[in-house]
Every structure is written in C-alpha cells, then in structure tokens.
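Worksheet for the structure shown next.
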Amino acid sequence: MTIIADSPNTASAANVPPTTRADLFEWVHGVANLTKPARIEWVDGSLAEKHRLIDEMVEAGTLITLNSELRPNSYLARSHQDDVARVESRTFICSESEKDAGPTNNWADPDEMRSTLSGLFTESMRGRTMYVIPFLMGPVGSPVTRVGVEITDSPYVVVSMGVMTRIGRTALDVIEEGAPWVRALHSVGAPLDRGEQDVEWPCNPTKYICHFPETREIWSFGSAYGGNALLGKKAFALRIASAMARDEGWLAEHMMLVRITSPEGQVAHIAAAFPSACGKTNFAMMRPTLPGWQVETLGDDIVWMWVDENGLLRAINPEAGFFGVAPGTSDSTNPVAMQTLWGNTVFTNVALTDDGDVWWEGMTKEKPAHLVDWTGQDWTPDSGVPAAHPNSRFTVAIDQCPTAAAEWADPRGVVVDAIVFGGRRSHTMPLVTEARSWAHGVYLGATMASERTAAAEGTLGELRRDPFAMAPFTGYNVGDHWDHWLSIGERLRVSGRFPRIFHVNWFRRGEGGRFLWPGFGDNVRVVKWMMDRLAGTVSGIDSPVGLLPKLGDLELHGLDLAADDAAEILSVDSAEIERDARDAQSLLTLVGETTPDVLWRENSDTIDRCREDS
Ligand code: TSX
Ligand code: MN
C-alpha cells in the first residue's frame, strides 16, 4: 500500500498512515511539521513502487538507464562532485557525556546538536516528497534483528535502502507487534521553491551525520551518498547497534561472514574484520584455488553476533545487499562480484561506456578508447584523471550473488568458528597467526593497523591503528568496546566453546617491494590451516604474536612461491614485533583509563615474549 497525501496537514483518507503505533505516527507528523514536505509517502517495499521511483528518477535525470541488453534493469547515478564519500569530520556521537563518545569519535552536546539540527531541518523538505521507510536489519525472527524507520526526501535513498535492507510491510509488521524502533531522519537539505527546477543530485554543502546513542536516534543532513544517507548501514547497523549491543550483551561489528567447506566436508563459519582497502568484499566472495574447497558468502560488511543458549557465538548479516567499491573489481580480483552485477544493479559514480554499459579503473586490462566519466565529461585514456570516482559503488542484492550461502537469511544465524582480524602491513606481521587466548585475540583486534594506500588521505604508507576496523563506526567509547569484547569472552567461557581468533596479513612485501603472498583465491590455503587448527590436526609454533603455521602445514602445492619467500611470510622478527607493541601503546594511552588492564597486560606480555625470543 502506497499512501500519497498532497499535504501533511490534509486529513484525507489517503493520508491515514498504515500504522496503529502512535509513537511512529506522531514522529512522522512531527517531522513533516518541521520539514514541510509537499507530500508524504509511506514506502511499502513493492516492486511496483520501486519501478515507479526509478522511472521518476530517470525522468529527473538522477538515474541513467543502462543498456538493457548488456546490463538489464540497471542504472547509473552521478553524485554532486562534493558528495562522494562518508564524511568522518561531520560525523558526531551525541551522547550525554563526552567520555561516552571516547577519544576516537567527534562528540557534540545532544541538546546543542538538536537545536542546530532543528534549524537545519526547518522547511528542509519544502517542495519534495517525504518518504517513510520502515526497515528491518536482519531476518524476521532472529534474536538480534532490529527495526528502524528512515524518513528521507531522496528517492535514491529509498531505492538503495530497498536493496540494502528489508523495507516496507515486513518491517512495519514487526513495529506493529510492538518492537522498539530506531528513528533515522535524513534530508538532502535542498528545499525546492514553487516552480524551481530540481538538480540531478540535490545535497547541501553543510553536512551533519549525528547519532544519539541513548535515544537510539540518527539525524543526517546534507548528503545523499552511501553511509551518510543509507542510514540502515553504518549509522544504524554499526554506530547505534554497537551501543545497543553493549547494553544488551551482543556484538555489532564491521566484518564479513563466510561459510567454508573443505573437500572432506568439514564446515566452518568465519567472520573477518579488515580496515578499508584490504579486500574484505573480495575475501567474502573468494573463489578458492585449492580443488574441492567451497567458499559461500553470507555478508561482506557487517555482522551481528550473540551468545546463544548453548554458549555458542552465533552470527547474522543484518544487511540484504552489497554497497561495494567498484574500482579494482574485475574478473581476476573478484569474478563472483562481476557475476553478481549482471543486472538489477544501481551504480554510482562509475564511468559510462559508448554502448551504455559501465566501466571503472581496474575492470579490464585495456582502457576503453572513449567513455563519459563520473562527472559527465568525455574521457579518453589521455585525460589524466580517473574515469570512475575512486569511491564509486555498486548497490546490488545479496541474493544475486552466485556464491550466496543458503543460510544468509536464516534467523538462527550460523555458529562462528573463527574470527579473523587483518591489516595491510608491508612488514612485521606474518601471513597468519593464531591468538593464544580470547584476551590475546581481543588485543590483536584492538591494536590492528593498516598502511594508508592513497596519498590523498594522508601520508602514503603511514601506519594507522584501526581497532576492530571500527574506528569510525563504534557508537561509544572505544575502550568500552574492548571491555565489551572481553565480557563476551567471559560468557563464552561458561561453555568453553570459543571461536578461535586469527590475524592475517595478505600484504607483506619482500625485497624490491614485491608482494610475497599471491593473495586472492590462494588465501584459501591460509583458511585451510585455520580449519586444520579447528580440527586439531596441526599444531602451531609459538611466537611473540601468537601461533604460527609450521612451514610444512601450509598447503603450498601448485604455487609459484620460492621456498625463501614462504619462510619469510611466516617469519616473525622479535625486534619488529616489540617496536610495533611499543607503537600500539600510544593508542592504549590515548584511550586512557577506559583501556582495560587486560590489554595493557597483553601488551607487556608481548614485549616480554619478544625479549625472551631474542
Ligand atoms: O582483495 C585482495 N585480497 C583478498 C582477496 C581475497 N587484494 C586487493 C586489495 C585491494 C582492495 C589483494 N591485493 C590481496 C588479497 O589477498 N593481495 C593483494 C596484493 C597482491 C596484488 C597482486 C598480486 C599479488 C598480491 N599478484 C599479481 O598482481 C600477479
Ligand atoms: Mn565497511
């Protein structure tokens, strides 16, 4: 049921919202009174509704229809040139106490921020449609599934939320049953005067992405891009959900989730957290090079986990789609993603080919002779600029993924057998190491780090600590997040059925700066060692950073890998590990009194082991 009303104040039959919940009804009308939209639409999530919105956006120039022979039912959106990514400097945690936001978040006083936002949202939807999107994070019936309602004035957001989450009637039914719901308010901040011609990508140079963890609210103003605007994703499923999870005893994490099956039929579920530019999506869709191995995809970005009644850690993917970075995705780096994108895909800020298809840097070896770039300009290989924006994206449903696991939408979730942390490290960290204990694993997650890849975002190669790959996504004090992980460990101790924790580094370099490890589908060899550890068929070699594989236990057959290189990627230099542990102390010190003592002890134990080793 789509309900369209000409004015929020018109008491016509068509204006009756499809909810009996007074809190929802009152919020929607309060927002309408503040933002003064031309009309209100309750989104029902139907295919007819999606097609109508797409047709309207094609008409308005927001979407370009791609060649239906090459890319059926697929569209290209080009954003405003200053609205191309999440803006961490404009992202705020508005907790009552500044200490609750911690040293890694921007904090703002909730009352002051409410007053600022109320000013910005005043009449911000004038001339536009206000869409009300009930959405579900997780499948109906899981103990951690949560519901939200996003109000937005962007049809692009409605269609994208329809891919990334479960929207409409399904979610509204959960609200009708009495579930608490998260208020997620979004405006592009570009009111239209009567008769004013709209632009293709309305937005506002002033941007705010604000989270109120105590009242479970999100207010986002000025941007229509990705995590700034699709509020189910980073804002809800990570920042607000991490605060809920802390209060309620579960985990909301920035992880991918896969199911691995060995040729012998051994099955394991692995959740992995990597900072950006480490290939999390590629790992989630890996095509293993070892014969008989199978990798199935459950998620590529966010995992919600809880301890079940048997003391097992279980996980779901709260999302229903992929919002993946396009550049670098190709038939060689991620053939599964390329197959997933066959159609029914919204692309944002990629280049347009002359035959009406998409292209991005890294998609093909040869660059096309002519393109229209992401800004709408003619492009040739001599143009000297990228044709696709480096943060250009595809938005596509998980059920299009040929390797999607049947369990991806199972409300019971899957049992997590292994948790993997990683980073892009040209030295120091070995290919793989297994944590000595839960606490040591939490230490590896808390101190994980990655080298910067793009000169634009700082000094190239500079090491950045990114605890649990959650630096921009924890909705509370990062030290309390570490403590929460330790407390989950205490709950798992009751059953003793801990997932093993590993740390991987696909990016170690040898002399001349070349990568020592082939990566990609060959990473299954590392996964095989993890599964052998889970089965108890191999032992590890003790080292200052954890247990290392014995050279003979890592399956290297069929690899063009020199014996020296194999030994080097598995080697640990105590002096390097000690230097790294001392470097990590600045983070533990920054987090201050909130840093759990246990992590200081893991840090000093690491240094002690380095001393014993040398
Ligand atoms: O995603 C990557 N993975 C994980 C795949 C499952 N990437 C791409 C990172 C950017 C997002 C990798 N890059 C990986 C990796 O394991 N490893 C590397 C480094 C690397 C790059 C190229 C080659 C080898 C290693 N080899 C050739 O180019 C022939
Ligand atoms: Mn992410």
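In listed order, ligands and their atoms are each counted from 1.
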Legend entry - Over-ring placement of R239 relative to F473, 6.0 Å and 45° cut-offs: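 Cation-pi check for R239 and F473: fails.
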
Inset, instruction - Check the angle between the aromatic planes of F236 and W304 and answer parallel, tilted or perpendicular using the 30° and 60° thresholds. - result: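 Geometry flag for W304 against F236: tilted rings.
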
Between [X] and [Y], is there a side-chain N and carboxylate O pair less than 4.0 Å apart?
X    : Y    : value
R465 : D580 : yes
K528 : D532 : yes
R78  : D373 : no
E88  : R86  : yes

Legend entry - Sub-4.0 Å atoms of ligand 1 with respect to non-hydrogen atoms of F283: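 What qualifies from ligand 1 is 6 (C).
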
Inset, instruction - Please identify which atoms of ligand 1 are closer than 4.0 Å to at least one heavy atom of G519. - result: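 Ligand 1 atoms under the 4.0 Å threshold to G519: 16 (O).
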
Identify, for [atom], the protein heavy atom at the shortest distance, and state residue, atom and that distance.
atom                    : value
atom 21 (C) of ligand 1 : F515 CD1, 3.8 Å
atom 26 (N) of ligand 1 : P518 O, 4.8 Å
atom 1 (O) of ligand 1  : N282 ND2, 2.8 Å

Inset, instruction - State whether any protein heavy atom lies less than 4.0 Å from atom 28 (O) of ligand 1. - result: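 Given the 4.0 Å limit, the answer for atom 28 (O) of ligand 1 is no, no protein heavy atom qualifies.
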
Heavy-atom contacts under 4.0 Å between [X] and ligand 1: side chain, backbone, both, or neither?
X    : value
R424 : side chain
W517 : backbone
N523 : side chain

Inset, instruction - State whether K234 contributes an N/O/S atom found under 2.8 Å from the Mn ion (ligand 2). - result: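 True for K234.
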
Legend entry - Best match, F274, F507, F520, W506: closest heavy atom to atom 22 (C) of ligand 1: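 Ranked by closest heavy atom to atom 22 (C) of ligand 1, first place is F520.
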
Legend entry - Atom nearest to the Mn ion (ligand 2) - D301, N, O or S atoms considered: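 The Mn ion (ligand 2) is closest to the D301 atom OD1, counting only N, O or S.
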
Inset, instruction - Find the distance between CZ (F323) and OG (S160) and round it off to the nearest 0.5 Å. - result: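 The CZ atom of F323 sits 7.0 Å away from the OG atom of S160.
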
Inset, instruction - Please round to the nearest 0.5 Å and tell me the distance separating atom CG of N349 and atom OG of S79. - result: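 Answer for the CG-OG pair, N349 versus S79, is 3.5 Å.
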
